[in-house]
Amino acid sequence: MITVRELISVVGWGPNAVLAGESFLDKELIAVTSFDSPDGYKWLHKGEFVLTTGYPFVTDRQTREARLLRLIDELAEIGTPGFAIKLGRYIDELPARVIERANERQMPILSFPMDKAWSDIIIPVAHYINAKQREELDRTHAIYEVFHRHLTRNGSVENLAELLHDILQTPVSIYARTPKWNWHVPAPIEHSPGLEELLTSTGNARMHSQLSRYRDQHLIRWLVHNNRREGAVVLWNVTRELFPWENVALEQTAALLSLEIERHYTVVSTYQRFRNDFLQLLVSGKEQSTDLLIRKAEELDWELADRYVAAVMQATAGSASDMKAWSEHEAVLETIRNHWETHRPPILCGLDREHRILLLFPVQADTVVQPSEELLASLEMLIQKNRQRSMSIGIGRSYPGLGGIAQSYHEAVISCRAAREGAPPNSVAGAKSALTIRQFSSLGIERILFAEFPDQEALQLADECLSALAEYDRERNGQLIDTLRMFLACDGNHAEAAKKLYVHKNTVKYRLQIIRDLTGLHPEKGHDQLLFRIALTAYKDSPVV
């Protein structure tokens, strides 16, 4: 294409030819045409520069100015880059209001010399446009050749920034989340932003647009994978629109980078499937030798810790089989994996058989029963950053050895179900938290309600709560279970329980203290009382010992 400024030069007009719109001479035009009828503008195409003698405005001198104003508005709406008029033929000069309106509508108006014919303008401009198009085709062909040579010589993606810089002669940066690219040629511009800053500053209002502007000074070509911006090619200090051959170079670069991102994700996805299978082996409860598990973990580039706490996470709304929920889980897992990939010892993460996110947090001591607050806060930040629906997470308890992972996972699944079904949540950041957390150690009757096999879970609870008490009673001829049952039957009244047991009130308190020491639960507290009531009910139907 050609600009109005170039047109003036091509046809040999001087600087005095500009009557209005001098600030807008860099508008582009695709052709030159003419009309001399009052409604001739109706048959114009966008981008056509117009020649006129002014004849349509002779018929009614009283309304000439109004009709010129209307013409400017009509041409501006069509997208006409400007027009030239023969002053002295039918119109001697343009009224001041017409010049003012042309400047308002960014419409260049040129003076068409009296001695020039239509062909004196149209033919040279057509030849000039054709020559530019041939030049563009030659340059475009040369660009394709450059990239063809790059491919046939097995050029690496790391060289693409330098290649694009050599073609466009402007600083180039290439960013990507995964793989982690941060390339700059010839060097980062001063205070150059990172990818996250670019994403934040441009927002997602035009998510489906491949091109964006950064601070109106730089051009961004986004690299998109699975409808998500994964990276960007940035051309620094490019405020104008690209020429077609420049756009071809940019698009060729983006295509090769996108293919590499796709290849990378295919490898990562395959690798993650192997990791998912390994995680399933850990949580299955099937007995495996420690040496075998360590060897399998090393094949997956994982170092196993001695002890883990399992966590299961799932989108709060929707079902596990919902394709949208599944894709969200994949996206969150990817974010978590990238963020924690350098954590030592590694946090093992993947998807379980129900496509829930499974996290195994390494713990260093017997007293650690949950991931640290810092890790949970970091997890919530990642979910919010990923712009996903709110997530529910259930956390199991810590058990010794790799064999304890299965039990921790079982508890995490129950806790996650409780969190998803609206049980009163704990959260890292309050009521508006993106992460609803339930810990198995805090569950009451939900432990039974959300278990896959409630009767088995009730027996498990009875074993946890009462086996130590039963053993104590056997070995020492104690009455801990009877005391506990009576204390609960009396609704926590020490005096009434003592009266019915025919012992002193302090004896009841002493026995309750032993119960606290043996179980870690407090019979006087409502939450633990509920657990004891459930345990005693299951224990009565099927004794622990």
Side-chain angles (χ1 to χ4, degrees), residues 285 287 306-310 363-370 395-412 414-415 439-449 451 453-545:
E287 188 172 345
D306 296 328
R307 192 182 185 108
Y308 287 93
V309 169
V363 295
Q364 303 298 324
D366 295 348
T367 56
V368 178
V369 296
Q370 68 176 40
I395 302 173
R397 294 174 293 187
S398 170
Y399 293 92
L402 299 179
I405 294 175
Q407 181 60 29
S408 184
Y409 169 73
H410 168 75
E411 295 175 354
I414 294 175
S415 304
Q439 299 176 36
F440 191 81
S441 58
S442 69
L443 296 184
I445 195 172
E446 305 100 328
R447 176 172 172 175
I448 311 300
L449 291 176
F453 302 104
D455 53 343
Q456 295 181 16
E457 190 61 37
L459 290 175
Q460 175 67 27
L461 175 61
D463 182 62
E464 291 178 17
C465 295
L466 304 179
S467 60
L469 306 186
E471 184 177 357
Y472 183 94
D473 287 348
R474 278 198 313 271
E475 293 178 354
R476 305 192 184 189
N477 195 26
Q479 300 181 44
L480 297 184
I481 291 181
D482 290 340
T483 301
L484 175 63
R485 183 179 285 114
M486 185 59 70
F487 178 71
L488 296 177
C490 295
D491 293 327
N493 188 308
H494 295 84
E496 186 175 349
K499 180 180 178 180
K500 291 186 177 183
L501 289 169
Y502 302 102
V503 297
H504 194 274
K505 182 171 67 173
N506 288 340
T507 301
V508 172
K509 292 183 177 181
Y510 173 73
R511 291 175 179 173
L512 293 179
Q513 180 61 51
I514 296 176
I515 292 172
R516 284 196 294 270
D517 294 340
L518 291 175
T519 65
L521 300 175
H522 294 252
E524 295 95 338
K525 293 185 177 180
H527 174 272
D528 292 352
Q529 283 184 2
L530 178 60
L531 293 180
F532 276 129
R533 290 179 187 276
I534 297 172
L536 287 168
T537 300
Y539 175 75
K540 181 178 65 175
D541 295 336
S542 180
V544 176
V545 292

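Keep in mind that what you see is a predicted model, and the values were worked out from it rather than measured.
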> When you look at T483 and V503, which way does the side-chain contact (heavy atoms from CB on, under 4.5 Å) test go after all the steps?
Replying inline: CA-CA 10 Å; T483 301; V503 297; over 6 Å; no
> Does the pair Q460 and Q456 meet the rule for a side-chain hydrogen bond (donor to acceptor under 3.5 Å, both in side chains), with working shown?
Replying inline: CA-CA 6 Å; Q460 175 67 27; Q456 295 181 16; over 6 Å; no
>> Can you confirm whether P523 sits close enough to F532 that some side-chain heavy atom of one is under 4.5 Å from a side-chain heavy atom of the other?
In response: yes
>> Within this structure, what is the OH-CD distance for the pair Y399 and E411, rounded to the nearest 0.5 Å?
In response: 3.5 Å
>> side-chain contact (heavy atoms from CB on, under 4.5 Å) for I481 and L536? Distances and angles first, verdict last.
In response: CA-CA 8 Å; I481 291 181; L536 287 168; 4.0 Å; yes
> Any side-chain heavy atom of P454 within less than 4.5 Å of one from I448?
Replying inline: yes
>> Within the 4.5 Å heavy-atom criterion, are L501 and T507 side-chain neighbours or not?
In response: no
> Looking at CZ of R511 and CD of Q479, how far apart are the two atoms once the value is rounded to the nearest 0.5 Å?
Replying inline: 4.5 Å
> Which heavy-atom pair separates A412 from A310 by the least distance, and what is that distance?
Replying inline: CB-O, 3.6 Å
> Are more than 12 heavy atoms from other residues, nucleotides or ligands located less than 6.0 Å from atom CG of N493?
Replying inline: yes
>> Which heavy atom of Y308 sits nearest to which heavy atom of V363, and what is that distance?
In response: N-CG2, 4.2 Å
> Looking only at heavy atoms, what is the nearest atom pair of I414 and E457, with distance?
Replying inline: CD1-OE1, 3.5 Å
>> Is a donor from one side chain sitting under 3.5 angstrom from an acceptor on the other, for S398 and R307?
In response: yes
> Yes or no on side-chain contact (heavy atoms from CB on, under 4.5 Å) for Y472 and L469, after CA distance, side-chain angles and deciding distance?
Replying inline: CA-CA 5 Å; Y472 183 94; L469 306 186; 5.5 Å; no
>> Once rounded to the nearest 0.5 Å, what's the spacing between atom NZ of K509 and atom CG of L512?
In response: 9.5 Å
> For atom CG of N477, is the number of surrounding heavy atoms from other residues, nucleotides or ligands below 6.0 Å larger than 12?
Replying inline: no
>> Could you measure the distance from the CD1 atom of I445 to the CD1 atom of I534? Nearest 0.5 Å is fine.
In response: 5.0 Å
> Does some side-chain heavy atom of T519 sit less than 4.5 Å from a side-chain heavy atom of D528?
Replying inline: no
